[in-house]
Amino acid sequence: MSEAAVISRPAARKVPRSVWTVPPAALLALLFFYPLALIARQAFLDDSGIANVAEFVRVLHARFFLNALLNTITISVAATAGCLVVGLVLGLILAFVPFPGSGVIARLIDTFIALPTFLVTLAFTFLYGSAGMLNSGLMEAFSLPTPPVDFLYSAWGVVLAEVTVYTPFILRPLLAAFSLVDRGQIEAASVLGARPFRIVRQVILPAAVPALIAGGSLCLLLTVNEFGIVLFIGAKGVITLPLLIYSKAIQESAYQVACIIALVNIVLSLGLFGLYRLAAGRLGA
């Protein structure tokens with residue numbers, strides 16, 4: 001009797017696998033693609049909802065946009081180069097120069113990833129600002145009427161703050177790559193009379209190139225979109241794309257202009273993200 005009931009019971013229908021793609025796709029469309037579509041739409045419409053492509057072209061040729069684009073690229077490239085240099089030096093020391101507490105120092109450097117960017121900028125203001133510790137000490141020691149150190153409120157101050165914040169993004173993949181370097185090759189090169197610089201150049205750096213590319217492209221992506229450091233420092237004449245978007249949207253209520261600049265920033269960011277994913281794929285991340 002029970003066997004007959006089991007036989008007569010209809011088989012449970014299997015849910016097609018394609019159904020499971022609907023919830024994440026809908027969530028992604030709602031939280032990501034829909035806002036992007038609104039920005040792209042507003043970039044070609046004026047405040048009354050009428051198509052205004054001429055404004056798009058005008059903004060792309062405007063001096064304020066070109067200056068902001070140039071500042072963004074210059075600062076991000078300079079900061080990324082600084083992160084690469086500092087990260088490489090720190091990585092070589094931490095990985096190949098044994099000293100007590102190297103692991104603790106590496107973990108302390110990692111904590112910068114968890115800190116908000118404005119905290120580093122605030123610390124720099126206390127150290128290097130017009131009324132900071134350095135300027136106060138120099139003015140008191142040499143009886144100077146004005147602060148002698150004023151680089152903080154310039155593009156160099158922004159670059160220094162970004163190097164401090166984003167160097168750990170270079171250091172992490174570098175240390176991972178250095179851990180895979182065969183120490184036997186280093187010892188063999190040293191026995192054969194190779195100097196430390198040659199060992200670094202011919203043995204260590206080839207293994208670190210993918211990590212440098214991956215970390216550098218990530219730093220470039222993050223510095224291009226950096227807003228808090230530039231805003232908090234308030235450097236005169238240093239207007240980047242994120243800061244220009246904020247200025248046009250919030251301070252001037254020029255929403256079409258802000259969306260045009262935001263669309264350019266999005267395209268630039270997606271291109272850099274593609275570069276990062278390509279480099280990370282080569283690294284095996």
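- Lys248 forms a cation-pi arrangement with Phe64, by the criterion of a distance under 6.0 Å to the ring centre and an angle within 45° of the ring axis.
- Looking at Thr80, its side chain does come within 3.5 Å of a backbone N or O of Ser76 through a donor-acceptor pair.
- In this structure the side chain of Val264 reaches within 4.5 angstrom of the side chain of Phe65, judged on heavy atoms.
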Decide yes or no on side-chain contact (heavy atoms from CB on, under 4.5 Å) for Tyr153 and Thr125, but give the supporting numbers first.
CA-CA 9 Å; Tyr153 306 107; Thr125 303; 4.1 Å; yes
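- For Phe126, the CZ atom is loosely surrounded, since the number of other residues' heavy atoms within 6.0 Å does not exceed 12.
- Looking at heavy atoms from C-beta onward, Leu28 lies in side-chain contact with Phe33 at the 4.5 angstrom threshold.
- Taking hydrophobic clusters as Ile, Leu, Val, Met, Phe, Trp and Tyr residues chained together by side-chain heavy-atom distances below 4.5 Å, Phe151 shares a cluster with Ile229.
- In the hydrophobic clustering of this structure, Leu88 does not group with Val165; members are Ile, Leu, Val, Met, Phe, Trp, Tyr whose side-chain heavy atoms approach within less than 4.5 Å, directly or through other members.
- Ring-plane geometry between Phe124 and Tyr128 is classed as perpendicular, the angle between the planes exceeding 60 degrees on a 0 to 90 degree scale with a lower cut at 30.
- Taking hydrophobic clusters as Ile, Leu, Val, Met, Phe, Trp and Tyr residues chained together by side-chain heavy-atom distances below 4.5 Å, Leu90 does not share a cluster with Leu84.
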Val224 vs Asn265, side-chain contact (heavy atoms from CB on, under 4.5 Å): CA-CA, chis, key distance, verdict
CA-CA 8 Å; Val224 161; Asn265 202 358; 3.9 Å; yes
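- Judged by distance alone, the side chains of Ser269 and Asn225 do bring a donor and an acceptor atom under 3.5 Å apart.
- Ile213 and Val181 fall into different hydrophobic clusters, where Ile, Leu, Val, Met, Phe, Trp and Tyr side chains are chained together by heavy-atom contacts under 4.5 Å.
- Summarising the geometry, atom CG belonging to Leu221 is positioned 8.0 Å from atom OG1 belonging to Thr223; distances are rounded to the nearest 0.5 Å.
- Rounding to the nearest 0.5 Å gives a distance of 6.0 Å between CG of Leu171 and CG of Leu94.
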Evaluate Ile75 against Glu162 for side-chain contact (heavy atoms from CB on, under 4.5 Å), listing each step before the verdict.
CA-CA 9 Å; Ile75 291 174; Glu162 291 185 354; 3.6 Å; yes
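- Checked by atom type and distance alone, the side chain of Thr121 pairs as donor or acceptor with a backbone atom of Thr117 at under 3.5 Å.
- When side chains are defined from C-beta on, Leu174 counts as touching Phe178, because their heavy atoms get closer than 4.5 Å.
- Remark: Glu140 pairs with no residue by the salt bridge (Lys or Arg N to Asp or Glu O under 4.0 Å) rule, at least two apart or across chains.
- In this structure, Ile239 and Asn67 have side chains that are not in contact, with every pair of non-hydrogen atoms separated by 4.5 Å or more.
- Counting heavy atoms from C-beta on, the side chains of Val104 and Arg107 come closer than 4.5 Å.
- In this structure, Asn135 and Asp150 have side chains that are not in contact, with every pair of non-hydrogen atoms separated by 4.5 Å or more.
- No path of Ile, Leu, Val, Met, Phe, Trp and Tyr side chains, each step under 4.5 Å between heavy atoms, connects Leu92 with Val163, placing them in separate hydrophobic clusters.
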Residue pair Ile260, Glu55: steps toward the side-chain contact (heavy atoms from CB on, under 4.5 Å) verdict
CA-CA 9 Å; Ile260 293 170; Glu55 180 68 8; 4.2 Å; yes
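- At a threshold of 4.5 Å between non-hydrogen side-chain atoms, the residues His61 and Val57 count as touching.
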List, one per line, each side-chain donor-acceptor pair under 3.5 Å for residues 195-204, sequence neighbours excluded.
from   : atom 1 : to     : atom 2 : distance (Å)
Arg198 : NE     : Gln202 : OE1    : 3.3

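- Arg41 contributes atom CZ, which lies 14.0 Å from atom CG of Leu263 (distance to the nearest 0.5 angstrom).
- Considering only heavy atoms from C-beta on, Phe56 comes within 4.5 Å of Leu60 through its side chain.
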